[in-house]
Protein chains: 2
Amino acid sequence: MILKSQVEWALHCCAILSGLPEGRYLSTKALAELHGLPKEYLSKALQSLSQAGLVHTTLGPSGGYRLAKAANELSFLDVVEAVEGSGRTFVCQNIRANNPCRPKGYCESGPCAIARIMWEADEAWRAALRKVTFADLGKILHQEISPEIWSGTFDWVLKRAG
Amino acid sequence: MILKSQVEWALHCCAILSGLPEGRYLSTKALAELHGLPKEYLSKALQSLSQAGLVHTTLGPSGGYRLAKAANELSFLDVVEAVEGSGRTFVCQNIRANNPCRPKGYCESGPCAIARIMWEADEAWRAALRKVTFADLGKILHQEISPEIWSGTFDWVLKRAG
DNA sequence: CGAATTACGGATACATAATGTCCCTATTCG
DNA sequence: CGAATAGGGACATTATGTATCCGTAATTCG
């Protein structure tokens, strides 16, 4: 059970977008170049973000993406679910119903206990991702990235931001 | 990102095995029949449990599986990891290293902040599964399964347990 | 002892999903 | 108008999950 690499890409892209000045946009091409990713395929991940309403887009030259809301209101969970979907990691196929000891037509009282426990773990995972925003990430990155790379990347991005 | 159905199977099988009297064994055939699963394929899941040391096996007629430790010492996480592996759900491909603004040969100070956050969520998921044992599950099931099905299944299993 | 039954592991086939590429369209900027 | 962009559909490739089959060694029972 491994998350798609598009999730990683989307997170890194949002990290960059969260540092973009108000009203500026950054293109797929620039984001792909910055991360060494295939432009066409990265585009699919960005489209997922767009469809989820997490980013705003413009067309034409100088077009691209920006966050649709403030960085402190965009959580990791938002991005992960936009790309990966919001389904559960555990799907209950209700195999208890195959128990030959059951009376025919027996009706379940509710979801399987095993599934409920697995879903609680899923929810713990979601809760952990929900509480971290891209404002939080920005602070962490600002602390641990060397100042030259930080400002160098910032300039690189600004030069390409429409 | 969805867990293998083998995880569900293994959990249900351990639930049954945890109700087995001391020293008795239950075969793949019986477990498959009880859950309506393909015997040959379920066998792979049970082998994973065996390799992880979670169950004990015997060969020959009247052979099969039993738990290798007490139900209150076997956690959901044990079973999930035995089948699904203990790797993280988020794999960091370190795409930050592709940043063209970096000096050549630049050496990372540590794992990517994004990866660390994702791994913390993974750990929250694991922690939730680690704290639930099959003794806990047994109590829950005993409360919510109708007495006829409970004892009917118990008899069915005992009749086939070697 | 011999036959039946079992766990175990390897080989193989198939379906589904992830990954990646290509091309066309509508829109927007200069 | 021409260039650059997001968006989306079609397709190829690869990896993974699902499932089946068969051979081997060990064990039980008659």
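If you're wondering where the values come from, they're calculated on a predicted model, not measured in any experiment. All values below were derived from every heavy atom in this structure, side-chain atoms included, with hydrogens, water molecules and symmetry-related copies excluded. Each chain gets a letter, A, B and so on, in the order the sequences are listed, and its residues count up from 1.
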Give every pair of a protein N or O atom and an N or O atom of nucleotides 24-29 of chain D that lie under 3.5 Å apart, one pair per line with the distance.
none

Looking at [X], does any N or O in its side chain come under 4.0 Å of the phosphate oxygens OP1/OP2 on [N]?
X	N	answer
A/Ser43	D/dG7	no
B/Gln51	C/dG9	yes
A/Gln47	D/dA6	no
A/Thr57	D/dA6	no

Sequence neighbours left out, cut at 3.5 Å: what donor-acceptor pairs do the side chains of residues 45-54 of chain A make with other protein atoms?
from, atom 1, to, atom 2, distance (Å)
A/Gln47, NE2, A/Ser43, OG, 3.0
A/Ser48, OG, A/Lys44, O, 3.2

Distance check needed: [N] [atom2] versus [X] [atom1], whole Å only.
X	N	atom1	atom2	answer
B/Leu26	C/dT6	CG	C1'	13 Å
B/Lys29	C/dA4	NZ	C1'	11 Å
A/Leu37	C/dT21	CG	C1'	15 Å
A/Leu42	D/dT5	CG	P	14 Å
A/Leu49	D/dG8	CG	P	13 Å
A/His56	C/dT27	NE2	C1'	14 Å

Practice item. Take A/Phe134 and A/Leu11, measure what side chain to side chain contact (heavy atoms under 4.5 Å, CB included) needs, and give me the verdict at the end. Key: CA-CA 9 Å; A/Phe134 281 84; A/Leu11 290 171; 3.7 Å; yes
Check your understanding: Under the side chain to side chain contact (heavy atoms under 4.5 Å, CB included) criterion, do B/Cys112 and A/Glu8 qualify, and how do the steps go?
Key -> CA-CA 11 Å; B/Cys112 181; A/Glu8 182 182 14; over 6 Å; no
For the atom pair [atom1] ([X]) and [atom2] ([Y]), what is the distance rounded to the nearest 0.5 Å?
X	Y	atom1	atom2	value
B/Cys14	B/Trp9	SG	CH2	14.5 Å
A/Ile149	B/Asn99	CD1	CG	7.0 Å
B/Arg130	B/Trp125	CZ	CH2	10.5 Å

Review point. Just by protein heavy atoms under 4.0 Å, how would nucleotides 10-20 of chain D read 5' to 3' in B, S and -?
Key: B-------BBB
Practice item. Mark yes or no for whether A/Arg24, through its side chain, and A/Leu158, through its backbone, hold a donor-acceptor pair below 3.5 Å. Key: yes
Check your understanding: Is there a side chain to side chain donor-acceptor pair (under 3.5 Å) between B/Asn98 and B/Arg96 once you walk through the steps?
Key -> CA-CA 5 Å; B/Asn98 299 326; B/Arg96 63 177 173 169; over 6 Å; no
Review point. Would A/Glu123 and A/Arg126 count as a side chain to side chain contact (heavy atoms under 4.5 Å, CB included) if you check the C-alpha gap in whole Å, the side-chain angles of each, and the deciding distance to 0.1 Å?
Key: CA-CA 5 Å; A/Glu123 189 43 48; A/Arg126 285 190 158 70; 3.8 Å; yes
Review point. Base, sugar-phosphate alone, or nothing: which one does B/Gly64 contact when heavy atoms must sit under 4.0 Å apart?
Key: sugar-phosphate
